[in-house]
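Below, each value reflects all heavy atoms present in this structure, side chains not excepted, and no hydrogens, waters or symmetry copies. Below, read A as the first sequence line, B as the second, and so on, with proteins coming before strands; counting in each chain starts at 1.
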Amino acid sequence: MTQYPHLSIEKKWQDAWEKNECFIAKAPKPGQKKAYVLEMFPYPSGRLHMGHVRNYALGDVVARYKRANGYAVLHPMGWDAFGLPAENAAIKHNTQPKSWTYKNISAMREQLKSLGFSLDWSREFATCDPEYYSQQQKIFLKFFENDLVYRKSSRVNWDPVENSVLANEQVVDGRGWRSGALVETRQLNQWFFRITKYSTDLLDGLSELDNWPEKVKTMQTNWIGKSHGAKVCFTITNTSQKQQNIEVFTTRPDTLFGASFVALSPEHPLSSELAKNNPKIDAFIRKCAQLGTSEETIERAEKSGVDTGLIVTHPFDKTKTLQVWIANFVLMGYGTGAIFGCPAGDQRDLDFARKYDLAVLPVVLPEGKSADQYQIANKAWTGTGTLFNSDFLNGLSVEEAIKVALSKLKELGAGETTTQYRLRDWGASRQRYWGCPIPIIHCHDCGIVPVPLADIPVLLPDEVSFETPGNPLDHHPNWKQTTCPKCKQKAVRETDTLDTFVDSSWYFARFCSPRSKDPVDSAPANAWLPVDQYIGGVEHAVMHLLYARFFTRALKDCGLLDIKADEPFDGLFTQGMVTHETYKDSSGNWVEPVNVLRSDTGLTTKAGKPVTVGAIEKMSKSKLNTVDPAVIIEKYGADVARWFVLSDSPPDRDVQWTESGLEGAARFVSRVWAEVLRVSKEPVFPEQETTDLSKNLIKTTHKTIKLISQDIEDLGFNRAVARLYSLLNDIKKATDNDPEQIAARRFATESLVLLLAPFAPHLAESCWEALGCKQLVAMTKWPEFDEKWLEEKTLIIPVQINGKRRSQLSVAFGLDKAVLQEHALKDPDIIKSLSGLKIVKVIVVPDRIINIVAK
RNA sequence: GCGGGCGUGGCGGAAUCGGUAGACGCACAGGACUUAAAAUCCUGGGAUCGCAAGAUCGUGGGGGUUCAAGUCCCCCCGCCCGCACCA
């Protein structure tokens, strides 16, 4: 077989595309449709991984397809370049985050280019470019002006040995990952974006996102967590404290009669107040603080608490009293930071009650249970039912009881209805160097003073020291020293930088006018936004996507973004991960796939040690089960790598990287190339339609054009790939050498090449050239199908008896029920199978199926 | 713990509306070509029973709805993603 010479060819076409400016986005002409195709931009870790290849290959199919269909396409690329790894690398390798990051960007840019993605590189930027983050500082100032950003005290993980703030991922089992010290929590003044101002709008907006996966919308809905309920006031009877009442939030006021305790969050102001005079409470709160700030760890921890000794009265019955506890599972960030516990109706409350031997009184009776026998063991009943043990609520449904309880609370002045959101304001302060500096000055006399626009950008210092732990900006000998813009006295700069999620919350808009002196120019923004197809990992389903939706709204409200669209991303697609088998040697060390040798006796390392195969997992450095795209591109070519990640697995599911799958992809590329060379040597005949053979191939080709176009629209690339395999097989099978057949074969082959182009663009260009076509495929129109070839005159209908296929009929299209039934009952196989049975009923679905029910 | 998703041959998957389960690819087996091997080409593969015709079973497990269930409903199991300072 003719080997496809990928190395020389791929570079040639990449240069040709660049020379012809094929992928430079040009504003849509009047009447021209646009497509903004965007994949989530990468963090410049230094090397491309297979997840990137998949992500960008998916987007590239869409971009190339849209271009071939006459759309003006914007398909840009940039770098999510700020963040913690650069600082870790700086410490580890004794470099500077800046040089490390830009070096990585250069390396990854070359790798991306070698894959031949149809990107508009003229718009490239990195979020750590001063041109980018200075615009972000302007946005921050505008948000500050519009009260969309503010300062408040909030908890952070604190490493007492390193004297620095830890990210949640840096807290391992309650200890700092480097120092091993027990983590404490500290209160710090930090900057917050007022995302909760848009809670309702962000929630309502979801319903218009028809081209988003349902699961992502559900996750965002739950994250925002709108719930209707009540604030209920419990009066403390035995206190010397100033605070006389405890306010709790509940969505289930119907279960108030089942309340057996009230619980405060360890961070509740009253808890801290009580801790002052009670060492036991103080110790408990300190212990809770060691869990860190992650909601997951807090909720996973075994339920525990401490009795405060306080007693409150029940709002509905003053003679009933409840103990007040402090419990580790009550979150300060939600509701009022206090709850009432109804153990029968909430699993956490029940676990808590069992542990501390508190009363468990069921108040909701599930349907079909008897009131005098119903008991709660170790499973709370959270479903519907009828209220009992509940005084004036007895006999009501849960839904009715909620209403009645609410009006009673209002009547007694013991509570009010409220709407509560789970969504919290976005804490965006980071006590780190490698991020966008917050353009604020702290003045002793004037307080918080924004940096004047004329003084923007506030640039990061290039060289910082990581010798002392903590925030290098704070330690820098002179960076933070400045003068107050108002009073001209000595003042200091804010040393917090912004969360990198801020950088990625508006980059898609910046791509419309990447070199502008303003954050986003209105004409190009209106021409390109919203993003028509956004593609990235499902791990970003909530935070990144919600922050970007918030920013779009906030930017519009501040007048910094002038577009008609309300939402940044019209279409969203979440792709699956790239996985690989894991390998371990006899000493239990992970082994890289490149070091595993396969032989008849099993797997060994290159050194000959036996290797065992472990689970198939997401490619990761820690498990060493990665495959370097650069190695694959060198050996097989970019098209093979692209073809592999697009084959077989549906894009939203995980794809398992296998050597054999890769070889299959390589084989396909060679087969296409060989077949095209064969066809290219044949004479060119005008298209004719005479023989059945040629008709079939032409028909198959038209059908394939239609189906693949649809597959690409639906992002079902694995199906498109399967159809391309089929079409190639059909072309290869057509071996007759009469002019009709040769003409049909040429038509099918040319179509194949064009259909292939979004998936394996270099191969397509080479084939196109071999077939004698002068224009680049990248500039050629998508093939069209003709409906007249798709009309089916006859079809095969299965005939079932009792739901089991027993025969089939070849019939004309569109026959009516009676005729079909008659045909079916005359069928010899059916007559045979029906012997001894009595026909009960015949179901006929025209053009689909016939099912005979018989006994 | 809470929220979301996924589960189909030896393997990846197809079946888009409740209507022939297993398209297409990989791996495997047999054959052709070759001095031989590789590559390539052709053919065959869900399982069980059967010489065959064919029959029965079969979409993680258990129930249910329906003439008909991979698809809809309920329960369970396993794996994956997110949980607000990783990106």
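Residue contacts for Arg653(A): at a heavy-atom cut-off of 4.0 Å it reaches the sugar-phosphate backbone alone, with no base atom in range. Val845(A) comes within 4.0 angstrom of a nucleotide base, judged by non-hydrogen atoms across all strands. Within the 4.0 angstrom heavy-atom criterion, no nucleotide atom of any strand lies near Asn802(A). Contact annotation for Lys804(A): backbone-only contact, meaning every heavy-atom pair under 4.0 Å involves sugar-phosphate atoms and none involves a base. Looking at heavy-atom distances under 4.0 Å, Glu663(A) makes no contact with the nucleic acid at all.
When the P atom is used for both rC72(B) and rG5(B), the distance is 12 Å, rounded to whole Å. Nucleotides rC57(B) and rC42(B) place their P atoms 37 Å apart, quoted to the nearest Å.
The salt bridge (Lys or Arg N to Asp or Glu O under 4.0 Å) analysis of residues 797-811 of chain A, with sequence neighbours excluded, yields no pairs.
The pair Arg155(A)-Glu267(A) counts as a salt bridge, with a side-chain nitrogen and a carboxylate oxygen less than 4.0 angstrom apart. Between Arg300(A) and Glu295(A), no side-chain nitrogen of the basic residue sits less than 4.0 Å from a carboxylate oxygen of the acidic one, so the salt-bridge criterion is not met.
Not a single donor-acceptor pair, N or O on each side, falls under 3.5 Å between the base of rG19(B) and the side chain of Arg848(A). The base of rC24(B) does not come close enough to the side chain of Arg719(A) for any donor and acceptor atom to sit less than 3.5 Å apart.
Judged as a side-chain contact (heavy atoms from CB on, under 4.5 Å), and not counting sequence neighbours, the contacts of Asn168(A) are Asn157(A), Thr293(A), Ser294(A).
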